[in-house]
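Every number for a ligand or one of its atoms is a count from 1 in the order of the listing. Positions are given from 1, in the same order as the sequence printed here. Everything numeric here is computed off the predicted structure, so don't read it as measured data.
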Amino acid sequence: MAKVGIFFGTDTGNTRKIAKQISKELGDIADKPVNINKATVDDLLAYDVLILGSPTYGDGELPGLTSGNQNESWEEFLPTLVGADFSAKTVALFGLGDQEGYPGNFVDALGFLYDAFSDCGANIVGLTSAEGYTFDRSTALVDDRFAGLVLDEDNQKDLTEGRLKAWLEDIAPSWA
Ligand SMILES: Cc1cc2nc3c(=O)[nH]c(=O)nc-3n(C[C@H](O)[C@H](O)[C@H](O)COP(=O)(O)O)c2cc1C
């Protein structure tokens, strides 16, 4: 089995597209990305290394039915995680958001994923600098760094490829 599992939430497809790009970059060590609304906690626990992605919806909410998405997503999945043991797992997170449209809640969902998987004991890798983004507030900040890779397909699409490649290099020791 591949070493790296990739799971994502999405409503309009951006996060799926990034998940696919990550899978392509990693090649054979990663399995095909899976929408989190088709996954169980045991599906995640089957991997030693996980890459998990989410957009932010509503005003700083997880994707899911409450924020008006078409399908269930991380909002419905995270409650099923309570009590699970991820202490032997390495987890890298990525979040998509819109810093111009939502400067007061920029990529907040990334913070929710960080908290949920930290509470389950996961070793979270791949925190990144907040330099190069303009926003007022984000719950995705851990001290002064983002809890994972932050991509803004609405305003900084041209920076995505470079940010993604640098981040993958940074977290590569996780599956070495
Ligand atoms: C109704 C709506 C609410 C949003 N709320 C936020 C938000 O609170 N914070 C943020 O950073 N981005 C927000 N966004 C931007 C999305 O997270 C961003 O467009 C993302 O790329 C969408 O990903 P997806 O195509 O995978 O669903 C919102 C977008 C929409 C349409």
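- Residue Val107 places a heavy atom less than 4.0 Å from ligand 1.
- Remark: ligand 1 atoms within the under-4.0 Å shell around heavy atoms of Thr10 are 24 (P), 25 (O), 26 (O), 27 (O).
- A donor-acceptor pair is defined here as one N or O able to donate and one able to accept, closer than 3.5 Å; such a pair exists between the side chain of Glu75 and the backbone of Thr66.
- Atom 25 (O) of ligand 1 has Thr12 OG1, 2.4 Å as its closest protein atom, hydrogens excluded (heavy atom only).
- Looking at Leu113 and Leu62, their side chains come closer than 4.5 Å, going by heavy atoms from C-beta outward.
- Protein heavy atom at the shortest distance from atom 17 (O) of ligand 1 is Thr56 O, 2.7 Å.
- In this structure, a donor-acceptor pair under 3.5 Å is present between the side chains of Asp152 and Gln99.
- On a distance-only criterion, Gly9 and ligand 1 share no N/O pair closer than 3.5 Å.
- Nearest to atom 21 (O) of ligand 1 among the protein's heavy atoms is Asn14 ND2, 2.9 Å.
- In this structure, the protein non-hydrogen atom closest to atom 5 (N) of ligand 1 is Gly58 O, 2.8 Å.
- For the pair Arg163 and Tyr133, the cation-pi test (distance below 6.0 Å, angle within 45°) is passed.
- In this structure, Gln156 contributes its side chain and Gly132 its backbone to a donor-acceptor pair below 3.5 Å.
- The distance from ligand 1 to the heavy atoms of Gly60 drops below 4.0 Å at these ligand atoms: 7 (C), 8 (O).
- Of the protein's non-hydrogen atoms, Tyr57 CE2, 3.8 Å is the one closest to atom 29 (C) of ligand 1.
- For ligand 1, the polar-atom distance check against Glu153 finds no nitrogen or oxygen pair separated by under 3.5 Å.
- Residue contacts with ligand 1: Pro55 is placed with no nitrogen or oxygen under 3.5 Å of a nitrogen or oxygen of the ligand (distance criterion only).
- Checked against a 3.5 angstrom limit, the closest N/O atoms of Asp59 and ligand 1 fall outside it.
- Between Ser73 and Ile36 there is a side-chain heavy-atom pair separated by less than 4.5 Å.
- The distance from ligand 1 to the heavy atoms of Phe106 drops below 4.0 Å at these ligand atoms: 11 (O).
- Geometrically, ligand 1 and Thr15 share a nitrogen or oxygen pair separated by less than 3.5 Å.
- Using bins of under 30°, 30° to 60° and over 60° for the plane-to-plane angle, the ring pair Phe106/Phe135 lands in the tilted bin.
- The contact set between ligand 1 and Asn105, taken as ligand atoms under 4.0 Å from a residue heavy atom, comprises 7 (C), 8 (O), 9 (N), 10 (C), 11 (O).
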Before you tell me yes or no, could you show the steps for Leu151 and Trp167 under side chain to side chain contact (heavy atoms under 4.5 Å, CB included), namely the whole-Å CA-CA distance, both residues' side-chain angles and the distance that decides it to 0.1 Å?
CA-CA 11 Å; Leu151 300 174; Trp167 183 68; over 6 Å; no
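- Between Phe77 and Asn37 there is no side-chain heavy-atom pair separated by less than 4.5 Å.
- Ranking protein heavy atoms by distance to atom 15 (C) of ligand 1, first place goes to Asp98 CB, 3.6 Å.
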For side-chain hydrogen bond (donor to acceptor under 3.5 Å, both in side chains), just list the numbers for Asp43 and Thr40, CA-CA rounded to whole Å, side-chain angles, deciding distance to a tenth of an Å, and then say yes or no.
CA-CA 5 Å; Asp43 292 337; Thr40 64; 3.3 Å; yes
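- Taking a cut-off of under 4.0 Å to the non-hydrogen atoms of Gly97, the atoms of ligand 1 that pass are 10 (C), 11 (O), 12 (N), 17 (O).
- Between Tyr102, Phe8, Phe135, it is Tyr102 that holds the heavy atom closest to atom 7 (C) of ligand 1.
- Arg137 and Thr139 get closest at one heavy-atom pair: NH2-CG2, 3.2 Å.
- In the vicinity of Asp154, heavy-atom distances shorter than 4.0 Å reach the ligand 1 atoms 18 (C), 19 (O), 21 (O).
- Shown are Glu153, Lys17, Lys165; of these, the side chain to side chain contact (heavy atoms under 4.5 Å, CB included) with Thr160 is made only by Glu153.
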